[in-house]
Amino acid sequence: MKFDDVFVYIGEYGRYQKLLSLLMCALVVSNTFSNISTVFISGTMDHHCKPPDEANCSELYLGDCWNTNGSMSLPPDDKGTLLVNETKCRMYADDNKTETTTCKYGWTYDRSKFESTIVSEFDLICEDSYKVTLSQSMYLGGFFFGSLLFGFMCDYFGRKKTTFLSFFLLLLMGVLTGLSTSYWFYAICRFIAGAADIGLAIVNFTYLNELVAPSERAKVSAIFGCYWCFAIMILSVIAFFIRAWDTLLLVVSIILSPFLLLYLFVPESARWLLVNGQVEEAKRVIRQIAKGNNAKDVPDEILDNLDVNDSEKIKTNPLDIIRYPEMRKKTACMTYCWFAVNLGYYGLTYGVEGLNVDVYLGTFVGGVTELLSNLCGWYFLQRFGRRNSLAGSLVSGGLACFVNIWIPLELIAVRTTIAMIGKFFITAAFMVVYVYTAELFPTSIRTTGLGFCSFWSRVAAVLAPQVIFLEKVWKALPLVAFSFTAASSGVLSLLLPETLNVPLPQTIQEAELFTRKTHRQMNGVKKDTTTQQDQS
């Protein structure tokens, strides 16, 4: 008896499973706080050289210090250097104002928007301004390490232990990051936080999918995504009232620490227990779920004959994803789509300041946009199919980014609205690409295909902050990059076959025979058969 058949007895998504899934999805809030807090803790702050007799800076939010010191004579920007704006990074060397020098007395920052960020804390300006996006890339680079480490730990030590270990590590890194006294200590802590972030996301998602029946996994995935969106909105409100970067990190880490107590009440995954030979403990967990769902006790003969292997294992080679013509095409198309989706998503999320809109309002609206996108995404999948949903979302998101290139910076409301439309479609594509990829690759190499695409998506995530940084070279360059990759990948995805209501391929041979042409032929046969039945 297959393991998934046990849900017939204990319930596919009963009361106890709903309670567990809602509690475990709450851990997603820590993922969001850690990731999206980058927007606030790395916020840019206007600055210029501090004069010898700086005015009293006690009234930060009124901007008296900034306005007073800004009235001193500053050298004009010669626009000849990439990282150095002479007005912001240089001061006159003497009263004759003929020569300039570096800021001998430090810098003064405009604290009207942020009380402090890592920019003012570590003076990441002028020649050191690149370190801001470098720390963002290091955080996202931690995803590489975390996905490998916690993926192994998840299979070796179990879902429960690994979930709460990564959760604890994420909170700990949040506290240590907030206590950082040097840039490199901060950057290392953020790298480890990135590893813990992706580790928690992967392992928690795996646990939730093993908790419910296959027919209910889409619903749990949607709940998972909605928690992320609500957390973005909550973080925006918290950050609005706590505008010091270190205090913000400490608060959002400490307030989530009570969720560590869930470890005492959450059971281990029964599927993992069976795979690892802990049969009696697996039986206990299954009975615990059945009792919580008010279901009848599962007979011993059922539990004694559970099989966690859904199909016979087939020997495969990782190179199979590019060895055969159709698999090469599918792998190339989906890899580029994953790359474009992640580049666009993190580019639009981390680049909200480039819209010249209030960063708190912009991030909050972004959370609302993502929530609507998640809710609409599942409708798109069922109504328009996988291929059309992915192509339409990517092309629409790319067009929105392209249109924003031509909108004047002064039209903030228009630029923000179009950017949110772009984010809506990119977020929808984010969800579609997961489902579509899993259905295109055959069972024998599905995990390999997903892992390969996921690798390149993380490359895109690491590159996204650097692409934003390149606006110093050309203001429109980030939007050009986001629009081109999104739109071109959307067009490329039209080469793929539709997978809606199509049996998933089990072997490479089946996947090779499943092309866009054969799918059209199958649809033609179905239509002819339906017509004949109607006539008879």
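From a predicted model like this one, the values you see are computed outputs, not experimental measurements. When reading the values below, keep in mind they use all heavy atoms of this one structure, side chains included, and skip hydrogens, waters and symmetry mates.
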Search all heavy atoms of [X] against all heavy atoms of [Y] and return the closest pair with its distance.
| X | Y | result |
| --- | --- | --- |
| A290 | V298 | CB-CG2, 4.5 Å |
| V462 | Q466 | O-CG, 4.1 Å |
| L235 | T32 | CD2-O, 4.2 Å |

- Looking at Y263, does the NZ or CZ of K160 lie under 6.0 angstrom from its six-membered ring centre and within 45 degrees of the ring axis? yes
- Does any donor atom in the side chain of Y139 or S34 lie under 3.5 Å from an acceptor atom in the other side chain? yes
- Query: For residues Y434 and S221, is any side-chain donor paired with an opposing acceptor at under 3.5 Å?
  - Reply: no
- Are W272 and Y156 an aromatic pair by the rule of ring centers under 6.0 Å? no
Only distances under 3.5 Å count here; give the side-chain donor-acceptor pairs of residues 246-262 to other protein atoms, sequence neighbours excluded, each with its distance to 0.1 Å.
| from | atom 1 | to | atom 2 | distance (Å) |
| --- | --- | --- | --- | --- |
| S253 | OG | L249 | O | 2.8 |
| S257 | OG | I254 | O | 2.6 |

- Query: Do NZ/NE/NH1/NH2 and the carboxylate oxygens of K113 and E353 come within less than 4.0 Å?
  - Reply: yes
Is the side chain of [X] donor-acceptor paired with the backbone N or O of [Y] at a distance under 3.5 Å, no angle test?
| X | Y | value |
| --- | --- | --- |
| Y360 | F241 | no |
| S42 | V39 | no |
| S137 | L134 | no |

- side-chain contact (heavy atoms from CB on, under 4.5 Å) with R284: which residues, sequence neighbours excluded? E281, Q288
- To the nearest 0.5 angstrom, please state how far the CZ atom of F145 sits from the CZ atom of R458. 13.5 Å
- Mind checking the CD1-CD1 spacing from I426 to I421? Nearest 0.5 Å is all I need.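 Answer rounded to 0.5 Å: 13.0 Å.
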- Message: Let's go through Y9 and N293 carefully: what are the C-alpha distance in whole Å and the side-chain angles of both, what is the deciding distance for side-chain hydrogen bond (donor to acceptor under 3.5 Å, both in side chains) to 0.1 Å, and is it a yes or a no?
- Response: CA-CA 10 Å; Y9 297 90; N293 289 341; over 6 Å; no
- Query: With under 30° as parallel and over 60° as perpendicular, where do the rings of Y186 and Y183 fit, or are they tilted in between?
  - Reply: tilted
